[in-house]
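Heads up, the thing below is written out as structure tokens.
Indexing begins at 1, ligand by ligand and atom by atom, following the structure's order. Residue numbers run from 1 in the order of the sequence given.
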Amino acid sequence: MKKIALIGSTGSIGKQVISVSNRYPDEFKIVSLSAHSNRIEFEQQVNKLNPKVACLDICNGDITVPKGVDFYSGENSYLNAVITEADIVVVSVVGFAGLKAVLKAIDLKKDIALANKESLVVGGEIVMQKAKENGVKITPIDSEHSAIWQALGFDLNKEFKRIILTASGGAFRDLSKDELFFATAKDALKHPNWNMGSKITIDCATLVNKAFEVIEAKWLYNTTFDKIDAIIHRESIIHSMVEFNDNSVMAQLSYPTMEIPIALALNHDKRLCQNVPQLDFKALKSLTFSEIDNDKFPCFKLVVNAGKNGDAYPAVANGANEIAVQAFLDGKIKYCDIFSIIDGALNAYTNDAPYSLDKIFLADEYSRQYAMSKIK
Ligand code: NDP
Ligand code: MG
């Protein structure tokens with residue numbers, strides 16, 4: 001039985017991890033849980049799962065937890081859910097906060113099932129280096145990276161010629177550039193194929209998510225940017241592909257679901273996930289592919305370039321994006337301002353200090369301040 005520490009239990013991924021784990025009680029047990037501020041949902045989860053440790057960063061109101069549960073609250077308390085008793089740490093918090101959880105899991109030499117892509121975007125080089133030094137395996141939950149991992153026969157070090165990430169195109173794929181000017185957060189939250197947390201759904205509508213996934217693939221598969229392509233595949237049936245030296249391509253297909261990637265990240269030795277419907281090929285009229293329109297979605301190239309520049313630039317792009325996305329969700333800025341804010345933060349950033357974890361945290365702080373000053 002695998003003991004799971006679940007960091008970010010109340011989110012879209014967190015809840016699906018709980019349902020996969022509940023479906024296979026002989027395989028998995030959740031031994032610790034964390035959430036940020038959703039007290040009601042969290043309280044129900046803790047009372048149902050009876051973990052060893054439960055952490056809620058912001059606890060507005062009373063909370064009742066079963067006797068014997070170690071309960072933590074306060075700033076960064078979520079890190080207390082990364083515990084030595086766990087066999088695997090699922091990092092499914094959203095945003096920069098994921099980095100600290102990943103680093104703590106690595107320090108404790110715990111394998112990681114990773115949904116939080118931002119940790120690899122901002123600190124991929126350091127994370128992968130430390131994981132290697134500590135013998136920690138990082139398995140992907142992100143569906144594209146899971147598809148690649150499956151196509152590689154679950155071998156993160158297998159040789160390949162090219163990775164081809166697929167992208168649905170997000171909620172605004174059919175809007176013209178002019179129409180994008182009037183696009184609202186409510187519209188952006190209507191993702192055509194996936195039901196996810198609000199931040200990643202906005203990232204899909206700007207294609208920042210796909211740029212993050214390019215950077216995530218670079219670090220997970222220890223490769224270079226010239227070996228990673230991204231294409232629009234509207235149907236979200238092919239979750240990504242790998243091309244080998246003989247130009248043979250392996251793809252992974254299924255209806256859009258996170259349950260397969262979650263079950264595999266937790267235990268890839270057995271294909272456990274039994275409740276995803278069989279693909280009905282006759283009903284799939286066509287599978288289509290097209291290029292990303294960089295004119296309509298300039299954030300994609302901008303953020304990939306930040307990844308290529310390396311150093312703390314991806315952290316700058318991520319921090320500015322997090323603030324801009326929240327402001328867009330709050331109706332404070334327009335869709336197009338997300339690009340301007342990330343671009344502005346990247347252009348204004350300078351720091352000649354050598355690359356380090358401290359530099360990443362400073363870049364994150366700087367870019368948030370920069371973005372907030374533009375929103376005011
Ligand atoms: P959600 O917004 O649905 O959930 C986020 C989770 O993180 C919640 O449990 C939330 O707690 C917690 N959280 C939020 N802020 C903080 C913080 N500052 N510190 C600690 N915990 C925090 O996100 P998703 O589940 O959609 O996404 C989670 C991660 O997985 C993201 O990095 C995303 O990019 C990635 N991912 C998601 C996919 C999906 O299908 N949803 C697919 C592929 C990747 P609370 O509810 O209390 O606020
Ligand atoms: Mg994805």
So, is [X] polar-close to ligand 1, with some N/O to N/O distance under 3.5 Å?
X      : answer
Met258 : no
Asn38  : yes
Tyr78  : no
Ser143 : no
Ser37  : yes
Ser198 : no
Leu56  : no

When you measure from [atom] to every protein heavy atom, which one gives the shortest distance, and what is it?
atom                    : answer
atom 32 (O) of ligand 1 : Glu118 OE1, 2.6 Å
atom 34 (O) of ligand 1 : Lys117 CE, 3.3 Å
atom 6 (C) of ligand 1  : Ser92 O, 3.7 Å
atom 26 (O) of ligand 1 : Gly197 N, 2.9 Å
atom 17 (C) of ligand 1 : His36 ND1, 3.4 Å
atom 35 (C) of ligand 1 : Ala115 O, 3.2 Å
atom 5 (C) of ligand 1  : Val94 CG1, 3.7 Å

Shortest reach to [atom] by a heavy atom, considering only [options]:
atom                    : options                : value
atom 43 (C) of ligand 1 : Asp203, Thr257, Asp142 : Asp142
atom 41 (N) of ligand 1 : Gly11, Gly95, Ser12    : Ser12
atom 31 (C) of ligand 1 : Ile141, Ile13, Val93   : Val93

Please give the atom name: the N, O or S atom of Glu144 nearest to the Mg ion (ligand 2).
OE1
Just to the nearest 10 degrees, tell me the angle at the Mg ion (ligand 2) spanned by Asp142 OD1 and Glu213 OE2.
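About 100°, to the nearest ten degrees.
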Please work out whether any backbone atom (N, CA, C, O) or any side-chain heavy atom from C-beta onward of Glu41 is under 4.0 Å from ligand 1, and answer side chain, backbone, both or neither.
neither
Does Ile200 approach ligand 1 within less than 4.0 angstrom via side chain, backbone, both or neither, non-hydrogen atoms only?
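The side chain, only.
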According to a hydrophobic-cluster definition based on side-chain heavy atoms being under 4.5 Å apart (Ile, Leu, Val, Met, Phe, Trp, Tyr only), do Ile138 and Ile126 belong together?
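Per the 4.5 Å side-chain linkage, Ile138 and Ile126 are co-clustered.
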Same apolar cluster (I L V M F W Y, side chains within < 4.5 Å links), Leu329/Phe96
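Same hydrophobic cluster.
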Under 4.0 angstrom from ligand 1, any heavy atom of Ser9?
yes
Are there over 12 heavy-atom neighbours, none belonging to Asn134, within less than 6.0 Å of that residue's CG?
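Enclosed.
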Please indicate whether Lys29 has more than 12 foreign heavy atoms, meaning atoms of other residues, nucleotides or ligands, lying under 6.0 Å from its NZ.
yes
Using a 4.0 Å cutoff against the non-hydrogen atoms of [X], which atoms of ligand 1 qualify?
X      : result
Asn116 : 32 (O)
Met196 : 39 (C), 40 (O), 41 (N)
Asp57  : 19 (N), 20 (C)
Thr10  : 8 (C), 9 (O), 10 (C), 11 (O), 45 (P), 46 (O), 47 (O)
Gly8   : 9 (O)
Ala97  : 17 (C), 18 (N), 19 (N)

Establish, from distance only, whether the side-chain atoms of [X] and [Y] form a donor-acceptor pair under 3.5 Å.
X      : Y      : answer
Asp226 : Thr224 : yes
Thr10  : Asn38  : no
Gln150 : Ser146 : yes
Asp187 : Thr184 : yes
Asn47  : Glu43  : no
Gln326 : Glu322 : no

Ion pair Glu144/Lys117, N-O distance below 4.0 Å
no
Judged by atom type as modelled, is there a donor-acceptor pair below 3.5 Å linking the side chain of Tyr366 to the main-chain atoms of Thr350?
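A pair under 3.5 Å: no.
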Short side-chain to backbone donor-acceptor contact, Glu235 and Thr288, under 3.5 Å
yes
Among His233, His191, Lys210, which residue satisfies the side chain to side chain donor-acceptor pair (under 3.5 Å) criterion with Ser168?
His191
What is the distance from atom SG of Cys204 to atom CE of Met196, rounded to the nearest 0.5 Å?
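If I round to the nearest 0.5 Å, the distance is 3.5 Å.
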Taking the six-membered ring for Trp, are Tyr221 and Phe160 parallel (under 30°), tilted (30 to 60°) or perpendicular (over 60°)?
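Because their plane-to-plane angle is over 60°, the rings of Tyr221 and Phe160 count as perpendicular.
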